[in-house]
Amino acid sequence: MNNTSSTARAIVKQSPGLETSDGDGVSLRRMVGTPDVGMVDPLLLLDAFGSDEPTDYIGGFPDHPHRGFETVTYMLAGRMRHKDNAGHEGVIETGGVQWMTAGRGIVHSEMPEQEEGLLAGFQLWINLPADKKMSEPAYQEFAASFIPIETLDGGGTVKVIAGATNHGTVGPVKNETTYPIYMDISLDAGATFVQQVPANHGGFIYVIDGQVDLGDGEAVPAGSVGVLGEGDHVNVNAGDAAVRFLLISAQSINEPVAWGGPFVMNTQDEIHQAFDDYRHGRF
Ligand code: MN
């Protein structure tokens, strides 16, 4: 890497998210895809959920469709069962990830596989370009044991779900559409983490524990999202206390976005078509 042309990304916007509910009354915080933050092309939405009160999650997300993008579910705690109209079914457990390319469309449910205890995790939506929006639906699913963990010299770990670290640890998710990076990073006090994030990626961090400072004096507290500005890498120095955060980015698509509920296409006509196809059982 040529250091003279290397720019560390700063935080250009941060937000504590928007308390809301979705599905059948599931409490969550929408972090990206809100009026405040908007989308971070091609990252459409990030929902964070986490509660040990069953009434916050027991209703789950009964049957609903998706078309035109990918959904990524990463569980920090608990178990979630998914089941689609093509017969695909499975359970995402603590530390596991499901990467679903909805493509031309699926109808599925996502329901807690538990009646008590902590359920916590994230759902990310990543857009697809026009030439992939009507592709065949596809799944990539990895239990925690299939997600590599890199140990950092200064103290800490990186769970690599997608992308490659600067030290060459490669996540199991294959994606040659938007080349995403999805990492769960824990730093001991005083530790440093440097990661290339290509200049053509949109990206953000979500802070799980502690406060994350990218060296720009804009510390992002736990439970907040920080949108990355321009540059080609991030440089995080944990201060006096340990931190844990997600680093998520993907290659920007730069196409018109028409968003209608569970459908994300390029034009309103395509959104109308999606609703029509769904109503007439063509998913
Ligand atoms: Mn869904």
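We count ligands from 1, going down the list as the structure has it; atoms in each ligand are counted the same way. Quick caveat: nothing in here was measured; it's all calculated off a predicted structure.
Residues Glu110 and Arg81 are not paired through a salt bridge, judged by the lack of any N-O separation under 4.0 Å between the basic side chain and the carboxylate. Salt bridge status for Asp22 with Arg30: present, with a side-chain N to carboxylate O gap under 4.0 Å. Ion pairing between a basic and an acidic side chain is recognised when a charged N comes within 4.0 Å of a carboxylate O; Glu230 and Arg9 show no such pairing.
Ring centroid separation for the pair His108 and His88 does not come in under the 6.0 Å cut-off. Ring to ring, Tyr206 and Phe122 are close: their centroids are under 6.0 angstrom apart.
Within the 3.5 Å criterion, the main-chain N or O of Ser27 finds no donor-acceptor partner in the side chain of Glu19.
Here the Mn ion (ligand 1) has protein N, O or S atoms under 2.8 Å from it, and they come to 4.
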